Amino acid sequence: METIRRQLSQKIVGKRLSGKEIIGVRRRAKLLIIDFKDGSSLIFHLKLTGQLIFNGEPSRHTRKVFNFKDGSCLVFNDLRKFGWYKIVKKSKIIENEFGPEPLKMDFETFKSILEKRPKAKIKPLLMEQKMIAGIGNIYSDEILFASGVRPFRQAKTLNKAEIKKIFQNIKKILEKAIKLKGSSVEHYLDACGKKGNYVKCHKVYRQKKCSICDSKITRMKINGRSAHFCPKCQK
DNA sequence: AGCCCATCCTGTCCGC
DNA sequence: TGCGGACAGGATGGGC
């Protein structure tokens, strides 16, 4: 998402769509927000299979093509049709429904989130958008592997060192994933129509063996989502 | 609060 | 080859 935002920002700021000038492309949680000069915004949620490709070729999964005045376009594809877009006069109301952005979050804030939800399992808690914005299924697994913490541990059982590690790895993993332009497991493509490279760095998500100890990676459902962890490296 | 389930859709993969 | 079931970067709403 952040990769798509950065690329789109470079490509479409200054262009005109239906007579309105684009002045910025922002991201809040997993929402992509295109701001217009008149104060309105075009908001996207790509869910699991959405793609936004600048000057892409329309396919049978194309839901909408946004044509800019200069002849370029933005193609919105979505195989499963879970994604959506809408134009809003003020985007602030929607943006306020989310917790802090992980890369801007300080340690005290993170600690207080865990204290607010002592009984929640750590993986679903990391993915809860109202608590922390923008962490999804892949990165929650990878963050917890890097931190040596099993995904079903309740927040209250984490010791100070574990909390610190998780906090640091949230930043580390997300920053590296952004640097490598995201993770393409199935449908993800960036705004240039290219796959992300972070998938090569996945240590547990859809992996068979642990890269550290060679143990078989455990896969289980936690609150309805697939979770992956190493039974030896994660406690 | 926290978990479970169904739901929104289309597609792939795996086992029989 | 066909068929059934599981599963899929997400999120919501209802029920217990």
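Naming: A, B, ... by sequence-line order, numbering from 1 per chain. The figures here come from the full heavy-atom set of this structure, side chains too, leaving out hydrogens, waters and symmetry mates. Everything numeric in this text was worked out from a predicted model, so none of it was measured.
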What is the separation between atom [atom1] on [X] and atom [atom2] on [N], rounded to the nearest whole Å?
{"X": "A:Leu126", "N": "C:dA11", "atom1": "CG", "atom2": "P", "result": "14 Å"}
{"X": "A:Met127", "N": "C:dT12", "atom1": "CE", "atom2": "P", "result": "12 Å"}
{"X": "A:Ile135", "N": "C:dA11", "atom1": "CD1", "atom2": "C1'", "result": "16 Å"}
{"X": "A:Gln51", "N": "C:dA8", "atom1": "CD", "atom2": "P", "result": "19 Å"}
{"X": "A:Lys221", "N": "B:dC4", "atom1": "NZ", "atom2": "C1'", "result": "12 Å"}
{"X": "A:Arg225", "N": "C:dA8", "atom1": "CZ", "atom2": "P", "result": "8 Å"}
{"X": "A:Leu32", "N": "C:dG10", "atom1": "CG", "atom2": "C1'", "result": "16 Å"}
{"X": "A:His45", "N": "B:dC8", "atom1": "NE2", "atom2": "C1'", "result": "13 Å"}

Heavy atoms only, 4.0 Å cut-off, all strands: where does [X] land among base, sugar-phosphate and nothing?
{"X": "A:His187", "result": "nothing"}
{"X": "A:Ser184", "result": "base"}
{"X": "A:Arg206", "result": "sugar-phosphate"}
{"X": "A:Lys116", "result": "nothing"}

Quiz item: Cation-pi between A:Lys20 and A:Phe36: NZ/CZ under 6.0 Å from ring centre and within 45° of the ring axis?
Solution: yes
Quiz item: Any cation-pi pair here, A:Lys176 with A:Tyr198, using under 6.0 Å and within 45°?
Solution: no
Practice problem: Determine yes or no for a side-chain-to-main-chain donor-acceptor pair under 3.5 angstrom, with A:Asp78 supplying the side chain and A:Phe82 the backbone. | Solution: yes
Quiz prompt | Residues A:Lys179 and A:Glu175 bridged, charged N to O under 4.0 Å | solution = no
Quiz item: Would you call A:Lys165-A:Glu162 a salt bridge at under 4.0 Å N-O?
Solution: no
Which nucleotide sits closest to the side chain of [X]: [options]?
{"X": "A:Leu79", "options": "B:dT10, C:dG10, C:dC7", "result": "B:dT10"}
{"X": "A:Gln129", "options": "C:dA11, C:dA8, C:dG10", "result": "C:dA11"}
{"X": "A:Glu186", "options": "C:dA11, C:dA8, B:dT10", "result": "C:dA8"}
{"X": "A:Asn223", "options": "B:dC9, C:dA8, B:dC3", "result": "B:dC3"}

Quiz item: Does atom NZ of A:Lys47 have more than 12 heavy-atom neighbours, drawn from other residues, nucleotides or ligands, at distances under 6.0 Å?
Solution: yes
Please tell me if [X] has a side-chain N or O lying less than 4.0 Å from either OP1 or OP2 of [N].
{"X": "A:Lys47", "N": "B:dC8", "result": "no"}
{"X": "A:Arg219", "N": "C:dA6", "result": "no"}
{"X": "A:Ser226", "N": "C:dC7", "result": "no"}
{"X": "A:Lys81", "N": "B:dT10", "result": "yes"}
{"X": "A:His61", "N": "B:dT10", "result": "no"}

Exercise. Please name the residue in the list A:His228, A:Arg225, A:Lys121, A:Lys123 that meets the side-chain contact (heavy atoms from CB on, under 4.5 Å) test with A:Pro151.
Key: A:Lys123
Nearest-angstrom distance, [atom1] atom, [N] to [M]:
{"N": "B:dC8", "M": "C:dC3", "atom1": "C1'", "value": "24 Å"}
{"N": "C:dC7", "M": "B:dC4", "atom1": "P", "value": "15 Å"}
{"N": "C:dT1", "M": "B:dT10", "atom1": "P", "value": "25 Å"}

Quiz item: So what's B:dA6 paired with, Watson-Crick or G-U wobble, going by both distances under 3.5 Å?
Solution: C:dT12
Self-check item: A:Lys130 vs A:Met1, nearer the 5' end of DNA chain C by closest nucleotide
Solution: A:Met1
Quiz item: Can A:Phe82 be called stacked on C:dG10 when the rule is centres closer than 5.5 Å and an angle between planes below 30°?
Solution: yes
